[in-house]
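One structure is given here, and the rest of the page talks about it.
Residue numbers run from 1 in the order of the sequence given.
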Amino acid sequence: MDIEATCENCEVPPADKPYKRTFLRKWGPSLLAIAGVLAVNAMLLGPSGQKIPALTPMQLHSRKLGEERTNAVLKMEFDAAADRRMGRSFGSRNLSESEGGIMEYTRRRHRILGDYTHEDVSDQFTLFGKWSVSIIYFAFWVFLMFPNWFLPIGRPGIALGGGLTMVVYRYFLNVFGHGPVFEAERVIILEPLFLLFGLMLTTIYLEKMERGGLFDKLRNSLDDPINWKRSLKIMIMSTIGSAAVMNDSVVLIFSGVVVDLCVRHKVSNSMPYLLSLATTANIGSALTMTGNPQNILIVSLAYDDIGWAEFASNMILPVLAASIVNALMMFIYYGRELFPGSSGLFQNFSIMFLGTSTPEIIALHNAHQAKLATDPDAEMSNGWSIWSKIQVFVAICFLACFAAGFDVCVVSISTGCILMVINAYKHQHYDPRPDNTEYDSDGNPLPPKKMYDIDGNEIPPEEEELITESETTLTEVDYGLLLLFIGQFLLIGSFDDTGVPQAFFALTMGDCANQMTSVPCVYWFVMIITILSNIASNVPVCQMLAATFPYATPYDWMQVSFSATIAGNLTMLGSAANMIVAFQAAKVGDRSFTSERHAPFGIPSTLLSLYVGTFLLTLVHFSPECSVKLGTCDVDENAVVNQYYQNRADDYYNAGGADNAANNYYDGAANDAANNYGY
């Protein structure tokens with residue numbers, strides 16, 4: 001289309017004023033989604049669970065083998081000193097016979113599950129201790145969810161205050177005999193903190209090293225004058241990036257970029273773009289075993305080996321379906337913002353698939369093209385300087401190390417340190433010196449101030465101490481974000497100690513607990529995991545399941561991984577990625593990403609994505625529904641079924657079934673005789 005010659009005709013049209021949605025328009029999709037989930041489960045399981053199927057002979061056999069192996073492991077002798085040297089690792093999964101074989105591997109893993117993953121101390125709490133800790137946890141959960149309702153402290157201060165409150169309260173509980181000692185240092189998981197610090201360091205130097213460098217080129221690649229296309233680009237980038245690197249790193253890098261794009265285009269509501277980043281980051285991270293912390297934990301704690309290709313092949317179909325559902329929900333719920341001038345849903349789809357347009361969209365496109373034509377920095381941003389090429393090389397090495405399976409904490413911190421050294425060298429030898437000239441009130445330059453040492457000797461300007469990285473870039477690291485996670489670890493760790501999450505899982509799952517990934521129980525299981533992931537966080541939930549079901553099959557873990565990851569989109573506290581987006585956006589001045597504005601979209605999108613993806617995963621999966629290391633994959637199912645019914649018949653006979661049959665026979669005969677003789 002033609003671009004107008006004069007800039008007066010190319011002005012960006014005024015953005016639509018934010019409008020207040022009615023209650024039904026805002027919360028109607030959420031209420032409908034919740035009602036639909038409850039209806040589906042009631043139809044499949046019955047209102048009171050009466051349709052829950054009994055355990056199959058194979059499930060009973062697997063449970064029996066698991067109990068036998070656990071009992072055998074508990075009786076094994078072990079070297080305590082060797083275990084201490086191994087720390088929080090159980091070593092190789094494939095030990096030779098001389099090293100103890102599969103039983104020694106099982107014992108080592110059992111130690112990790114019972115000690116590091118979750119040490120059950122719930123029996124050491126009194127009822128008062130459990131309830132009081134739970135009340136404190138939920139109070140601070142509400143404070144974190146809705147920080148604007150209370151004092152303007154901010155989430156980092158609330159989380160840290162809650163964590164310290166829990167430490168002090170647990171001390172007094174222990175003193176007065178209402179609870180065990182709270183080992184706070186053990187519930188603080190250091191790996192995410194190291195990872196976040198390294199990613200923040202890397203992000204800062206990628207952004208600050210050079211104007212028009214890699215960071216600006218990434219920003220420009222996501223730019224588009226058409227709102228819905230810009231949102232779609234953000235979703236595609238976030239999905240692919242989270243699968244390749246990790247969701248936390250993607251949102252940490254691109255949160256500021258998305259806000260910059262919203263400012264550049266003067267959008268009235270940045271929520272669709274921030275949600276496009278956060279929700280698809282969680283969905284995309286479900287694709288690979290290194291996409292998020294819970295996937296890494298699952299692969300490391302699973303009893304059987306789960307390879308990268310196996311993991312991705314199982315997840316590709318449900319992740320693709322969840323991505324499509326989330327995108328469609330985004331375009332429907334935020335149609336007014338993403339399709340300016342559109343008359344409704346049908347025209348929105350016509351714009352996307354048939355190429356039609358509206359006057360407002362045409363005006364946006366014309367104004368953007370005119371701005372590009374007159375932008376003096378456009379030519380500069382298209383070039384690649386030596387520093388941009390160095391950034392690209394470092395970024396490629398960073399991604400390669402991630403893909404190769406190196407420790408993500410070491411890789412991220414090392415990358416940040418390398419970029420820091422490069423930036424310091426560039427700043428000292430290549431960047432122009434800052435102009436520190438001072439002027440008087442008339443604009444005349446003042447003579448430079450002289451510097452003197454402690455002995456009164458004048459210091460030449462070339463010997464003055466340079467401004468260091470510690471005084472500039474390192475101060476931009478968001479240490480408040482690290483404090484936020486430390487506080488959450490303390491709160492969640494103390495809450496898990498009470499055993500309340502485990503009791504909630506056992507109570508709500510009922511007879512489905514031992515067949516959680518079998519149809520129809522899997523759909524109820526998905527809902528329970530969604531609730532727990534948003535109350536107690538997804539990583540602790542995965543730890544709890546690993547300790548509760550130590551011999552879960554690879555397919556079981558596929559369902560757990562998908563559910564716990566997608567459930568993070570339900571609320572703001574559902575995943576770390578949501579918190580990072582909110583924190584990073586607020587840092588650059590956008591405080592619109594709140595719990596109240598997240599939930600109306602997050603609830604229906606998450607539930608629909610979860611159930612569609614779970615349905616597809618139950619139909620198409622490549623991981624076995626049995627455990628190779630437990631030996632259930634080599635069992636003849638027909639033999640197990642025959643043995644099961646034979647055992648039932650023997651138990652019935654031994655329990656007096658034959659006597660009961662004889663008594664019934666004689667009673668019936670006596671009654672017949674009495675009737676015949678008129679008694």
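- Side-chain N or O atoms of S595 include one that pairs as donor or acceptor with a backbone N or O of M145 at under 3.5 Å.
- The nearest pair of heavy atoms linking L338 to N227 is O-CB, 3.4 Å.
- Contact of the P192 side chain with the F489 side chain is registered, since non-hydrogen atoms from C-beta on lie closer than 4.5 Å.
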> Taking it one step at a time, do F495 and F138 satisfy ring pair (Phe, Tyr, Trp, His ring centres under 6.0 Å)?
Replying inline: CA-CA 9 Å; F495 181 55; F138 280 106; 5.5 Å; yes
> Where do S623 and E310 land on the side chain to side chain donor-acceptor pair (under 3.5 Å) test, with the steps shown first?
Replying inline: CA-CA 7 Å; S623 291; E310 177 187 348; 2.6 Å; yes
> Between N292 and S285, is a side chain to side chain donor-acceptor pair (under 3.5 Å) present by the stated rule, with each step listed?
Replying inline: CA-CA 6 Å; N292 53 61; S285 70; 2.9 Å; yes
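- F146 has its side chain within reach of E596: a pair of non-hydrogen atoms, C-beta onward, lies under 4.5 Å apart.
- Not one N or O on the side chain of S533 forms a donor-acceptor pair closer than 3.5 Å with the backbone of N538.
- Between the side chains of D497 and S494, no donor N or O sits under 3.5 Å from an acceptor N or O.
- A donor-acceptor pair is defined here as one N or O able to donate and one able to accept, closer than 3.5 Å; such a pair exists between the side chain of S30 and the backbone of P600.
- Under a cut-off of 6.0 angstrom, the local environment of CG in L619 is crowded, with over 12 non-hydrogen atoms contributed by other residues, nucleotides or ligands.
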>> Could you walk me through whether V560 and C542 satisfy the side chain to side chain contact (heavy atoms under 4.5 Å, CB included) test, starting with their C-alpha distance in whole Å, then the side-chain angles of each, then the deciding distance to 0.1 Å, before giving a yes or no?
In response: CA-CA 7 Å; V560 171; C542 293; 4.1 Å; yes
>> Assess the residue pair L222 and M237 against the criterion (side chain to side chain contact (heavy atoms under 4.5 Å, CB included)); give the C-alpha distance rounded to whole Å, side-chain angles, the decisive distance to 0.1 Å, and a yes or no.
In response: CA-CA 8 Å; L222 296 177; M237 177 280 304; 3.8 Å; yes
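- For the pair W524 and T508, the tightest heavy-atom approach, listed with the atom from each and the gap, is NE1-O, 2.7 Å.
- Heavy-atom minimum distance, A552 versus D304: O-OD1, 4.4 Å.
- Although no hydrogens or angles enter the test, the distance criterion places no donor-acceptor pair under 3.5 Å between the side chain of S605 and the main chain of G602.
- Looking only at side-chain heavy atoms (C-beta outward), L482 and M200 come within less than 4.5 Å of each other.
- Using bins of under 30°, 30° to 60° and over 60° for the plane-to-plane angle, the ring pair F549/F505 lands in the perpendicular bin.
- In this structure, D511 places its CG atom where only 12 or fewer heavy-atom neighbours from other residues, nucleotides or ligands lie under 6.0 Å away.
- Other residues, nucleotides and ligands contribute over 12 non-hydrogen atoms within 6.0 Å of the CZ atom of R264.
- With no hydrogens or angles considered, no side-chain donor-acceptor pair links S323 and T239 at under 3.5 Å.
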>> The test is side chain to side chain contact (heavy atoms under 4.5 Å, CB included); show your working for T530 and V37 and say whether it passes.
In response: CA-CA 12 Å; T530 300; V37 166; over 6 Å; no
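- Side-chain contact between F398 and S412 is present, with at least one heavy-atom pair separated by less than 4.5 Å.
- Side-chain contact, N348 with R336: no donor N or O sits under 3.5 Å from an acceptor N or O.
- Not a single donor-acceptor pair under 3.5 Å links the side chain of S537 to the backbone N or O of P540.
- A side-chain donor-acceptor contact under 3.5 Å links N41 and Y611.
- The side-chain heavy atoms of F311 and I316, taken from C-beta on, include no pair separated by under 4.5 Å.
- Looking only at distances, no side-chain donor or acceptor of T606 sits under 3.5 Å from a matching main-chain atom of I603.
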>> Could you walk me through whether T565 and N282 satisfy the side chain to side chain donor-acceptor pair (under 3.5 Å) test, starting with their C-alpha distance in whole Å, then the side-chain angles of each, then the deciding distance to 0.1 Å, before giving a yes or no?
In response: CA-CA 6 Å; T565 300; N282 286 324; over 6 Å; no
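- When all heavy atoms are compared, the tightest approach of T632 to S627 is OG1-N, 2.8 Å.
- Aromatic ring pairs are classed by plane angle as parallel below 30°, tilted from 30° to 60° and perpendicular above 60°; the pair F140 and F143 is perpendicular.
- Looking at heavy atoms from C-beta onward, L573 lies out of side-chain contact with N578 at the 4.5 angstrom threshold.
- Shown here are the side chain to side chain contact (heavy atoms under 4.5 Å, CB included) partners of K51, two or more places apart in sequence or in another chain: there are none.
- Closest heavy-atom contact between S342 and I351: CB-CD1, 4.4 Å.
- Looking at N247, its side chain never comes within 3.5 Å of a backbone N or O of G284 through a donor-acceptor pair.
- Side chain to side chain, T517 and D556 meet the donor-acceptor criterion of an N or O pair below 3.5 Å.
- Side chains of H265 and D223: a donor on one and an acceptor on the other come within 3.5 Å.
- In this structure, I296 places its CD1 atom where more than 12 heavy-atom neighbours from other residues, nucleotides or ligands lie under 6.0 Å away.
- Exactly one residue among L610, L45, T618 makes a side-chain contact (heavy atoms from CB on, under 4.5 Å) with Y523. That residue is T618.
- The aromatic rings of F339 and W228 sit parallel to each other, their planes meeting at less than 30°, with 60° as the upper class boundary.
- No donor-acceptor contact under 3.5 angstrom links the side chains of Q294 and S561, judged on distance only.
- In this structure the side chain of D590 reaches within 4.5 angstrom of the side chain of L274, judged on heavy atoms.
- A donor and an acceptor atom, one from each side chain of Q347 and T356, are nowhere located under 3.5 Å apart.
- Shortest non-hydrogen contact noted between F593 and H598 is CZ-CD2, 3.7 Å.
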>> Evaluate R155 against M579 for side chain to side chain contact (heavy atoms under 4.5 Å, CB included), listing each step before the verdict.
In response: CA-CA 9 Å; R155 284 193 174 93; M579 302 295 291; 3.2 Å; yes
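- Checked by atom type, the side-chain pair S592/S270 shows a donor-acceptor distance below 3.5 Å.
- Looking only at side-chain heavy atoms (C-beta outward), V257 and I253 stay at 4.5 Å or farther from each other.
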>> Could you go through N569 and T279, starting from their C-alpha distance and side-chain angles, then the distance that decides it, and tell me whether this counts as side chain to side chain donor-acceptor pair (under 3.5 Å)?
In response: CA-CA 6 Å; N569 284 335; T279 56; 5.1 Å; no
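- T56 and Q515 share no donor-acceptor pair across their side chains, judged by distance under 3.5 Å alone.
- Heavy-atom contacts from other residues, nucleotides or ligands closer than 6.0 Å to CZ of F349 number more than 12.
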